[in-house]
Amino acid sequence: METTPERSSSSLEPPNHVVTLPRDTATLRSQLRDLSAILALPAVWSGRDAADIPEAVLEVLSSMLRLDLAYIRAADPAGSGPLETARVQGRPDLRSRGCELAGLLAQRTTNPDANQVLVLPDPATGEPLRATRIALGLAGHTGVVIAASRRSSFPTPFERFLLQSIITQAEVALRNAALMTALHHALHCEQVARADAEAANRAKDLLNEELERRVVERTGQLSLVNQELRREVAERKRAEEALRESEQRFRDYAETSSDWLWETGPDHRFTRISRRATPGIGEANRVGATRWEIATDVEEEPEKWRVHVAALAAHEPFRGFMYRTVLVDGSEAYVATSGKPVFDADGRFRGYRGVSSDVTAAVRADQVEKALHQSQAELARVTRVTTLGELAASIAHEVNQPLAAIGADANACLHWLAADSPDLDSVREALTAIVKDGDRAGAVISRVRTLLARSPVAHESCDLIDVIRDVLPLVGPEIGRHGILLEASLAPDLPQVMGDRTQLQQVLLNLLLNAVEATREVPPVRRRMVVRATADRRDDGPWAVVAVEDAGVGFGEAEERRLFEAFYTTKPGGLGMGLSISRSIIDSHRGRLWATANPDHGATFHLALPGTNPPGSGPTPPR
Amino acid sequence: MDGQERMDRHDTRVVSIVDDDASLRRSLRNLLTSVGFRVETFASAEDFLRSVQHEASACLVLDLRMAGMSGLDLLRHLAVTGSRIPVVILTAHGDDETRQRALEGGAVAFLGKPFRADDLLGAVRTALAT
């Protein structure tokens, strides 16, 4: 395609820059309508984007000037590429072709004369179109408009005027659009800036809040640290005060206690001894001496000292080592001492540190207690002798019976042997009886001798059934003499007990004689006694329980409380020691002796002793 | 003694022994039979009284201390019932009071245990002679 610029021939047409008024009113009215419409264009285009305005301009140009081709190219006031479009009357599909043809014409005809008529082919038919070129230019906006029509009169002066007016309105509209765009852009920028500022403010506020929070937190931490420091300082002060008090307390203890603290060096010589409330004993004032140098029992008890010195040599701790020494006034004292070895940081033995106490009183008390036990044992023996004295008639009977039988049998033998034909079978039988009766008398004597013996208290396994059988022959005649019926009920599974057989015999003898005493004066129908031995299986093991029951005179409530008191007796001429001694004997056997009143008549005395199995348990006495 | 023993061997009268000690009953029986007496023994006063023999006894050798009826009780019972059996008391509790009470109760002899065999035989013979 080729465009052919055509110079508007002044010869052919009057200069078309002069607008002449039409002669008919209809045309004039039409032109006025067009002008009014042009005046309204800014309001119509107001608010449109700049990109939409070229199209709108072409539409107005095409319709108002009846153009076959309209073209516009304008620089985009927003700064992007130029806006270019074309409009081919009745052929929207040829928009690009229109653009191409008009664009070429626009490039070639830069700055043409205002009245110059250009020619370009119709995009649809290729027919020559009369075209005019109008430059766009306002405040830096550049562009070009091509308006073409096949009409030979195109453009008339009025069409030029309309064309120029529309272009001017377009320029204003583009300018307004550009301003609006700029304004929108500025507003957008302002909004963005405002948003940024708000975000910045919020960030600043958040930062401030965070800082404030951290400050508060840090302040709190500092406060806590401060409180902790103050507490630690106060705690340290209290600890120091407590330490001072503790030191003073232990100093006071050491100085006021009857015990004293000591230290020895590696050579076991005393290096330090605490002050005591009662100075003057043993280790006091003996710094520099060894323990065995101040002791007075080294020669008496060499084994004890050998073991102690060996423990010291082995650097072993010791506890409760007791020795004898002398006071400054020369009297004897007993010291109990405990110590532990002291080692330095390198593990080297530095000596001993320990505590000693004056146990003289305890040792003396122990000695007194031993003497007391001895006295009690002697008293028990004397009581036995007394009891046996009460039994003298019965014992005599028990011995005399077999002696009488022996005498009778022996005389019978003599008679038989003196006969002409001795009855040797009878002699043999009688001699056998003599031996038996001799044993019987000997057994009684043996029992009495046991009860009278001054033997040490034993601690051995005993069968209470045997103990009962030891005693019954001694007391049996006394029981029989008063016409008392004795029943014995002895359980075969009675557990063994630990104790002194003689003392247990004494207790049983005493209980049986008391029962005889209580029974002998009551009516014959009530003269009965029961000795009952039973095994009591308890949680803490088996117990042997022996009960002596009678239907005698019994005891009253007032007597019951005093039954076991020493020197309390209801018997004329009685010592009142029997039950007291019996109870102390049973107590020493870890058993229990008590009395109960029978529902009808008489009383029952019970003694309970722990069985030997299972060993090592600490049973509770049955009640 | 031999003459006396022979006399005893021909004596058919019964001597009763009441004692709760079996050994003594047996030995007394040996002693009395060894010299020819006929002997019956009883373990208690009640057994003696229940026996049909007791009326026929010519002499009673009696222990004092026994369960149940005592020797003194039996002695009193015999006296009350008009029995004329001579009684020789044998006891291991030969105190004066008991001796007195026994003799007052009609006993012809009172011997303490242990006794001499001749004393007992003499007392029995004396009792039989009364």
Side-chain angles (χ1 to χ4, degrees), chain A residues 391-420 422-441 444 473 476-487 520 524-525 527-529, chain B residues 1-2 4-6 8-9 15 17 19-37 39 41 43-46 61 63-74 89-95 97-98 111-124:
Chain A
L391 275 176
S394 292
I395 293 167
H397 178 267
E398 275 304 285
V399 177
N400 286 340
Q401 288 286 98
L403 286 180
I406 288 168
D409 276 326
N411 277 281
C413 287
L414 288 175
H415 293 152
W416 284 322
L417 292 172
D420 295 337
D423 181 356
L424 293 180
D425 287 341
S426 294
V427 169
R428 189 176 297 109
E429 186 185 336
L431 286 172
T432 304
I434 285 171
V435 171
K436 195 174 171 185
D437 282 321
D439 290 344
R440 178 181 162 191
V444 174
E478 187 70 10
I479 291 170
R481 185 160 70 96
H482 296 291
I484 300 168
L485 189 65
L486 174 66
E487 181 188 340
R520 66 185 181 186
V525 69
R527 289 184 199 169
R528 62 180 188 275
M529 288 168 50
Chain B
M1 177 172 174
D2 288 347
Q4 184 67 54
E5 189 172 332
R6 275 192 298 273
D8 294 336
R9 286 185 188 283
V15 177
I17 298 170
D19 197 309
D20 60 354
D21 189 305
S23 177
L24 205 60
R25 284 199 304 276
R26 182 196 42 72
S27 63
L28 288 174
R29 175 194 289 274
N30 284 345
L31 178 61
L32 292 173
T33 56
S34 71
V35 295
F37 289 116
V39 174
T41 60
S44 68
E46 290 87 346
V61 177
D63 184 22
L64 279 189
R65 202 175 68 180
M66 292 181 293
M69 183 182 267
S70 71
L72 284 176
D73 291 338
L74 179 57
I89 298 294
L90 276 181
T91 181
H93 306 277
D95 57 275
E97 184 188 349
T98 309
L111 300 176
K113 296 175 187 173
F115 49 85
R116 289 168 50 89
D118 286 346
D119 290 347
L120 176 64
L121 292 175
V124 169

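All chains are named by letter (A, B, ...) in the order of the sequence lines, taking the proteins before the strands, and each is independently numbered beginning at 1.
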Trainee: What verdict does the side-chain contact (heavy atoms from CB on, under 4.5 Å) test give for Arg116(B) and Asn411(A), after you've listed the backbone C-alpha separation in whole Å, the side-chain angles of each residue and the deciding distance to 0.1 Å?
Mentor: CA-CA 9 Å; Arg116(B) 289 168 50 89; Asn411(A) 277 281; over 6 Å; no
Trainee: If you take all heavy atoms of Ala412(A) and Ser34(B), which pair is closest and at what distance?
Mentor: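 It is CA-OG, 3.5 Å.
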Trainee: At what distance, to the nearest 0.5 angstrom, does CG of Leu31(B) lie from CH2 of Trp416(A)?
Mentor: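 Result: 8.5 Å between the selected atoms.
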Trainee: When rounded to the nearest 0.5 angstrom, what distance separates CG in Asp21(B) from CD in Gln401(A)?
Mentor: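 That separation rounds to 4.5 Å.
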Trainee: Based on non-hydrogen pairs under 4.5 Å, which of Leu90(B), Asp63(B), Leu32(B), Asn30(B) is most in contact with chain A?
Mentor: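 So the answer, after comparing Leu90(B), Asp63(B), Leu32(B), Asn30(B), is Asn30(B).
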Trainee: Write down the atom of Asp409(A), the atom of Arg26(B), and the distance for their closest heavy-atom approach.
Mentor: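 What the structure gives for the nearest pair is OD2-NH1, 2.9 Å.
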Trainee: Applying side-chain contact (heavy atoms from CB on, under 4.5 Å) to Lys436(A) and Ser23(B), what does each step give before you reach the verdict?
Mentor: CA-CA 9 Å; Lys436(A) 195 174 171 185; Ser23(B) 177; over 6 Å; no
Trainee: Take Asn400(A) and Phe115(B), measure what side-chain contact (heavy atoms from CB on, under 4.5 Å) needs, and give me the verdict at the end.
Mentor: CA-CA 9 Å; Asn400(A) 286 340; Phe115(B) 49 85; over 6 Å; no
Trainee: Which bit of Arg440(A) is near chain B, if near means a heavy-atom gap under 4.5 Å: side chain, backbone, both or neither?
Mentor: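 Only the side chain of Arg440(A) comes within 4.5 Å of chain B.
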Trainee: Minimum heavy-atom separation for Ala408(A) and Leu28(B), please, with both atom names.
Mentor: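 For Ala408(A) and Leu28(B), the tightest heavy-atom pair comes out as CB-N, 4.3 Å.
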Trainee: Check step by step if side-chain contact (heavy atoms from CB on, under 4.5 Å) holds for Leu121(B) and His415(A).
Mentor: CA-CA 12 Å; Leu121(B) 292 175; His415(A) 293 152; 3.6 Å; yes
Trainee: Please flag which part of Met69(B) lies under 4.5 Å from any non-hydrogen atom of chain A: side chain, backbone, both or neither.
Mentor: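 For Met69(B), neither part sits under 4.5 Å from chain A.
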